[in-house]
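Everything on this sheet refers to the single structure shown next.
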Amino acid sequence: EVIKRAIAFGMHVVAFDKFKSEDFAREYGFNYCKTLGDLFSQSDIISLNLPLSPGTGFIIDSEALSVMKNGIIIINTARAGLVDQNIIIDGVKSGKIMGYLTDVLEEEPMVNNHPFLEHENILITPHIGSRTYENVVNQGKMAVENLLKYL
């Protein structure tokens with residue numbers, strides 16, 4: 001869905017995914033990068049849309065940041081553990097990261113003295129992006145269906 005919207009806004013999209021869909025890429029006119037490093041070095045904006053697992057923790061670390069373009073924007077609406085929070089702060093301070101946008105934090109709810117709050121170009125929104133009316137109704141239905149299956 002992120003790719004569809006980015007293309008609708010006229011963005012040139014490259015992606016990295018272990019589970020590539022070449023048909024989807026052809027349909028929407030984007031290319032997959034061979035490596036994560038290629039994605040990092042080619043991108044002006046990176047949107048993290050993946051689960052946190054042993055292989056994805058701190059996917060944004062000092063090595064990743066070192067190959068990114070200056071002025072990168074990183075969007076993380078997936079999991080806080082995908083990024084090394086200290087690397088984000090260092091990148092923002094140095095200007096390597098122009099903006100970090102997130103709705104996920106290591107501690108939720110956010111503590112009053114969170115280090116991200118010291119930086120104007122770090123934007124934090126509540127972790128409630130999925131809380132649409134339809135999604136709440138669907139979650140309720142799924143909970144009831146799961147309960148009935150159990151019984």
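Count residues from 1 along the sequence. Only a predicted model underlies this, so the values are computations on that prediction, with no experimental measurement involved.
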Salt bridge (Lys or Arg N to Asp or Glu O under 4.0 Å) evaluation trace for Glu145 with Lys141
CA-CA 6 Å; Glu145 288 170 4; Lys141 286 179 184 177; over 6 Å; no
Let's go through Lys96 and Lys69 carefully: what are the C-alpha distance in whole Å and the side-chain angles of both, what is the deciding distance for side chain to side chain contact (heavy atoms under 4.5 Å, CB included) to 0.1 Å, and is it a yes or a no?
CA-CA 7 Å; Lys96 178 80 173 195; Lys69 295 178 180 181; over 6 Å; no
From CA spacing to verdict: side chain to side chain donor-acceptor pair (under 3.5 Å), Thr132, Asn135:
CA-CA 5 Å; Thr132 63; Asn135 195 28; 5.1 Å; no
Assess whether salt bridge (Lys or Arg N to Asp or Glu O under 4.0 Å) is satisfied between Arg26 and Asp23, documenting all intermediate values.
CA-CA 5 Å; Arg26 271 190 300 282; Asp23 291 339; 2.4 Å; yes
Just do the side chain to side chain contact (heavy atoms under 4.5 Å, CB included) check on Ile97 and Leu65 with the steps written out, would you?
CA-CA 9 Å; Ile97 298 175; Leu65 193 63; 3.7 Å; yes
Could you go through the side chain to side chain donor-acceptor pair (under 3.5 Å) check for Ser47 and Asn49 one step at a time?
CA-CA 6 Å; Ser47 178; Asn49 305 284; 2.9 Å; yes
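Here the shortest heavy-atom pairing between Val67 and Gly37 reads CG2-O, 4.2 Å. Heavy atoms only, all atoms of each residue included: Met68 and Ile74 are closest at SD-CD1, 4.1 Å. Of all the heavy atoms in Pro126 and Asp103, the pair that sits closest is O-CB, 3.6 Å. Contact record, Thr56 with Pro51: OG1-O, 2.8 Å, taken as the closest heavy-atom pair. For the residue pair Met98 and Gly71, the shortest heavy atom distance occurs at CB-O, 3.4 Å. The two residues Leu50 and Ala78 come nearest to each other via the heavy atoms O-CB, 3.3 Å.
Between Phe40 and Phe16, the distance from one ring center to the other does not fall under 6.0 angstrom.
In this structure, the ring pair (Phe, Tyr, Trp, His ring centres under 6.0 Å) partners of His114, at least two apart in sequence or on a different chain, are Phe116. Shown here are the salt bridge (Lys or Arg N to Asp or Glu O under 4.0 Å) partners of Asp61, two or more places apart in sequence or in another chain: there are none. For Lys20, there are no salt bridge (Lys or Arg N to Asp or Glu O under 4.0 Å) partners at least two apart in sequence or on another chain.
Residue Val104 is not grouped with residue Leu82 when hydrophobic side chains (ILVMFWY) are merged at heavy-atom distances under 4.5 angstrom, including chains of intermediate members. At a threshold of 4.5 Å between side-chain heavy atoms, the hydrophobic network of Ile, Leu, Val, Met, Phe, Trp and Tyr places Met11 and Val14 in two separate groups. A single hydrophobic cluster is not seen to contain both Leu36 and Val2; linkage of ILVMFWY side chains at heavy-atom distances under 4.5 Å, directly or through other members, places them apart. If you chain together hydrophobic residues whose side chains sit under 4.5 Å apart, Val92 and Leu105 fall into the same group. Connection of Leu52 to Tyr100 is established within a shared hydrophobic cluster, with ILVMFWY side chains joined at heavy-atom distances below 4.5 Å, either directly or through further cluster members.
Atoms CE and OG1, from Met110 and Thr102 in turn, are 10.5 Å apart once rounded to the nearest 0.5 Å. Put simply, CZ on Phe19 and OH on Tyr32 are 11.5 Å apart, with the number rounded to the nearest 0.5 Å. Rounded to the nearest 0.5 Å, atoms CG (Leu151) and CG (Asn146) are 11.0 Å apart. With values rounded to the nearest 0.5 angstrom, His119 atom NE2 is found 10.0 Å from Ile124 atom CD1. The CD atom of Glu27 sits 11.5 Å away from atom CD1 of Ile3, with the distance rounded to the nearest 0.5 Å. Between Asp17 atom CG and Phe24 atom CZ the span is 10.0 Å, to the nearest 0.5 Å.
For the pair Ile73 and Leu101, the minimum side-chain heavy-atom distance is below 4.5 Å. The shortest distance between side-chain heavy atoms of Gln85 and Ile89 falls below 4.5 Å. Counting only heavy atoms from C-beta outward, the side chains of Ile46 and Ile72 approach each other to under 4.5 Å. Residues Ile59 and Val83 have side chains not in contact (no heavy-atom distance under 4.5 Å, counting atoms from C-beta outward).
Remark: the backbone N or O of Arg79 is paired with a side-chain donor or acceptor of Asn76 at under 3.5 angstrom.
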